[in-house]
Structures are given as structure tokens and as C-alpha cells.
Amino acid sequence: MHYQKILVATDLSENGNRAFAVAEQYRNIAGGVITPAHALNEPVWPEGIRLPSLDDAATKKLMEFSYRKCREAAEKHTPAEFVDQPYISYGDPARTIVGVSAGYDILVMSTHGRTGFRKFVMGSVASKVCRMSKAPVLVTSPEDSPRPFKRILLTTDFSDESCKAFDKAHWLLQNTDAVFTLLHVLSIEYAGGLADKEELYVTVADRLNRFRDEHFAGFAERVQTHVIVSGNSVHRAISKHLSADKYDLIIISTAGRTGMDYVVLGSTAAHIIQTAPVPVLTVRP
């Protein structure tokens, strides 16, 4: 099995540290080590006390405090021997995290952290990171209950861009006994209206089955297909599906087709990572 380098970004809040639990679920499959990362973008102590300035001594103390807290958060979920030295730095959180993640196989982070006028808002940072990171990003939220990845939802709009997420799906098929649902959402608004709904469903379902057989040859028995023909936006249709079905993980590309007749997976991914009740693995083509 390929040795995995797993980066976990946190703002050291309770919600931000939830990423370590999901990272450990992934590490149980992949092996490897976890590297905690924390970016300080203004002179604020993690307890919330704002300092007018930081001299060298205060800076060193803050860095040491952050280093210690990162290790403690990681070791609540992962044995110490599998936790690497934390990466602590100053800078814009999103850009800093993306820059560091270039040397890792996967980045794990939360969509929610501290809130308030001067706090680190993980939601906006997570969205930016998913758009910019070349490494796959596994995102969790406070509503998640981390558990083994047994049922996985994989989305596609049939584009080459959306297929880039299939590599991670193949890897999970090879290294777990998970079952997959390959999902396609077709908006009635762009597909001829309600009168054609039944015919559209049959046509698209047949195409999705052939698409599955082409891309997941040898795993067809573990990859079922599902088509949603909906009058809602794509992300609303997916969210409704998630509320009715129990999944442990969602895999989605951050880019897809564009234009009037196609699903824009970039905006869909942004909505899904903010609202999904389970971890979301995003892959940038």
C-alpha cells in the first residue's frame, strides 16, 4: 500500500479539531502519518486575547503554544508514533494551507471553526482551499459523526473533469469493502420540462449504467447507479438525497462542465461541503 502523508489543518477550536477524527478514519485505510497544521493570520492568542503587537518572545511563546495544542489535538485520535511534527506559521490561512498541502497526499480540515469579528472562520477558508488545492481535500463539519467509510456517494456529470474524482474511488474500492452509489443529477429546467421526465430518466439511467461499466470494470457489483431528475438546483437535489440516504462519505470534483445545459460542479461542490451531514472528499481536476 502506498505510504500516505496526511495534512490536517485546524484553527485549534473544538470544531476545527474535529478534522483529526476524520483524518484517523482515513489513516486506518491508508496508513502513513498525520501532520497537524495551524496558520496564524493575526496577533491573537488562541484563547481569544488580542495583542497590540508581538515581540520576538511573545511570538515564540505563541508558536510553542500552538505547536503543543496541535499535537494534543492530533493525539486524541491518533497514536503519537503516527503524528508528525506540527507545521505552525503566520500568513493568510487559505494560501498557507494550500502551499503546505502541495507536499501531501491529502488534506483534511473542518468547514467550521471559531466565529466572530476577528476570529478564523474555517467555512470560508475551507471553500477557498478546496478551489485552490492540488491535493484532494477531505472536509468535515460539526454535524459529522466520523465512522468507517462503508457507503460512499460519488457524483458525476459525465465530464472528463468530474471523472478526475474516480481515482480516489478506485483506491477506496481496492482498499476497503465499501459500496458506492454513482449519482447523476439532471435538472428538468434544462432538459425539456416535466412532460419528458420519464423518457429522460430511462435515457440518462442507461447512459449512467454504461458509464459505470466503462469506468468501474471489475467493480460493477459494488457500484450501483442512481439518477435524480429534479426541478431543484443540483446541490439541493443532492442535499435532499443525502437527507433520505445514509452515507459515510461523499466524493465530488470541484470542476465540471459549464454552460447553460450542464451541471456546474464547482458551485455544487461549494454548497455540498457547507451542508453535507458527512465528510466530503473534493478533488480538483
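- Identified under the salt bridge (charged side-chain N to carboxylate O under 4.0 Å, His left out) test for residues 20-32, with sequence neighbours left out: E24-R27.
- In this pair, F216 and F166 present their aromatic rings tilted. The plane angle is within the 30 to 60° band.
- Closest non-hydrogen pair, K168 versus Q4, comes out as NZ-OE1, 4.2 Å.
- Side-chain contact between V108 and F20 is absent, with no heavy-atom pair separated by less than 4.5 Å.
- The closest side-chain heavy-atom distance from L281 to I106 is below 4.5 Å.
- Closest approach of Y247 and I152 over heavy atoms only: CD2-C, 3.9 Å.
- Contact annotation: the side chain of V137 never approaches that of T254 to less than 4.5 Å [non-hydrogen atoms, C-beta and beyond].
- Salt bridge D248/K150: absent, no basic N to carboxylate O contact under 4.0 Å.
- Rounded to the nearest 0.5 angstrom, D167 CG and H215 NE2 are separated by 11.0 Å.
- A distance of 9.5 Å separates CG in L186 from OG in S230, rounded to the nearest 0.5 Å.
- Aromatic ring centres of W171 and Y26: separated by under 6.0 Å.
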Could you give me the CA-CA distance, side-chain angles and deciding distance for E64 and K61, then say whether salt bridge (charged side-chain N to carboxylate O under 4.0 Å, His left out) is met? CA-CA 5 Å; E64 290 173 350; K61 188 175 182 180; over 6 Å; no
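- Checking D157 against S162 by side-chain atom types alone, a donor-acceptor pair falls below 3.5 Å.
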